[in-house]
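Counting starts at 1 for both ligands and their atoms, in listed order.
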Amino acid sequence: MPEPLLEVRDLRIRFGRFTAVDGLSFALGPGEVLGVVGESGSGKSVSMLAVLGLIRTPGAHVSGNIVFRGRELLGLKDAEMRSVRGREIAMIFQDPMTALTPVYTVGWQIAEQIRAHEKVSARAARDRAVRLLDEVGIPSPERRVDAYPHEFSGGMRQRAVIAMALSCNPALLIADEPTTALDVTTQAQILDLMRRLRADHGSAIVMITHDMGVVSEIADEVLVMYGGRAVERGARRQVFHTPRHPYTWGLLDSVPRVRGPRARRLPAIPGAPGAAERGCPFADRCAHRFAPCDEAPPLTPTGDPGHLDACWLPEDRRRTR
Ligand SMILES: Nc1ncnc2c1ncn2[C@@H]1O[C@H](COP(=O)(O)OP(=O)(O)OP(=O)(O)O)[C@@H](O)[C@H]1O
Ligand SMILES: [Mg+2]
């Protein structure tokens, strides 16, 4: 296995007495796409904000290891972290409007981003902004470069945000729900764009989403989170063909089928999400709960190399799909 680009080990994030992430570990190789799934509140965003050193809430406590290109990021000084952020690791935030300032033109904002990391003239930065807008599929980029964010449609704004993230050719792009607010057609175009970027720039991508359909389209590796922990991890093929964890079964059951008759209603996983103090975080909602679940199951390798899950169920009670 080649040297991982990013390796997160035993990441723990607490806000006061609330544990948002409880011992998360994963690795990502150069050019790989990791899909991070799990429902609202499972700790997807805060984990990735921690990678970027962006957890700044007073009382927040982050521990573990975040090793990027062989270098420990956790505990880096602000100034050092700023040179990593944007240049080596870029993030597309969950809400594209927060990434764009309404009072400046889109092109100016992309150019500023470039100039924050590189010594180039304003003219050269603007030219690069035009090329980037073209690359992400904005029509008439020479004209659009001078438009304000409110003059863009939602899909175009998301493309502009992606252009900004790509402006420094990052080795790692973290995209937090980049398609959630978009209609299905635009969503498909953005996914296409991400695939192309990975092919053309060799960037690794962490794609956060609650949509298993998106994961199945783009991810090489899949990380399923629940209640601040990884409950399953593996190659896309493993997670989709031989899912191990009852929460993953539920996620897959709620993916609308593309072919064949559609279920009239999507089956919902009963109960509300929430982490138990002790024990398996999913236990309260799990149809397969039994006595051992009062202790938290560790993430454990399965028989299939690279595939791990955190569940006590014996083999004969695992579902076969
Ligand atoms: N700054 C903060 N202060 C206190 N609690 C926080 C803070 N940021 C996140 N949390 C809590 O941490 C947990 C994980 O939040 P996170 O934003 O990572 O969820 P998520 O998996 O990204 O959910 P979503 O799919 O809704 O975006 C939540 O319970 C959230 O309320
Ligand atoms: Mg989030």
E72 vs N65, side chain to side chain donor-acceptor pair (under 3.5 Å): CA-CA, chis, key distance, verdict: CA-CA 7 Å; E72 175 64 63; N65 297 101; 2.8 Å; yes

F290 six-ring face occupied by R317 cation (under 6.0 Å, within 45°):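 The answer is yes, since R317 meets both limits relative to F290.
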
Not counting sequence neighbours, which residues clear ring pair (Phe, Tyr, Trp, His ring centres under 6.0 Å) with Y148? List them please.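 Y148: no ring pair (Phe, Tyr, Trp, His ring centres under 6.0 Å) contacts found.
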
Any sub-3.5 Å donor-acceptor pair from R126's side-chain atoms to V145's backbone N or O?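 Between the backbone of V145 and the side chain of R126 there is no qualifying donor-acceptor contact (under 3.5 Å).
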
Without swapping roles, check the side chain of R244 against the backbone of E232 for a donor-acceptor pair under 3.5 Å.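 Absent.
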
Can you name the residues that come within less than 4.0 Å of ligand 1, going by heavy atoms only?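 Under the 4.0 Å cut-off, ligand 1 touches F15, F18, A20, E39, S40, G41, S42, G43, K44, S45, V46, T57, Q94.
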
Is Y247 reachable from L308 through a run of I, L, V, M, F, W or Y residues, each pair having side-chain heavy atoms under 4.5 Å apart?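 No, separate clusters.
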
So, at under 2.8 Å, which protein N, O or S atoms would a careful student list around the Mg ion (ligand 2)?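 Those protein N, O or S atoms (cut-off: under 2.8 Å from the Mg ion (ligand 2)) are S45 OG, Q94 OE1.
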
Could you work out, with side-chain contact (heavy atoms from CB on, under 4.5 Å) as the rule, every residue matching A116, not counting sequence neighbours?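 side-chain contact (heavy atoms from CB on, under 4.5 Å) check on A116 returns nothing, list empty.
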
Distance-only side-chain donor-acceptor flag, H201 / N169, under 3.5 Å: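 Note: H201 and N169 side chains meet the donor-acceptor criterion.
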
Is Y104 atom OH crowded by more than 12 heavy atoms from other residues, nucleotides or ligands, each under 6.0 Å away?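 Result for OH/Y104: open.
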
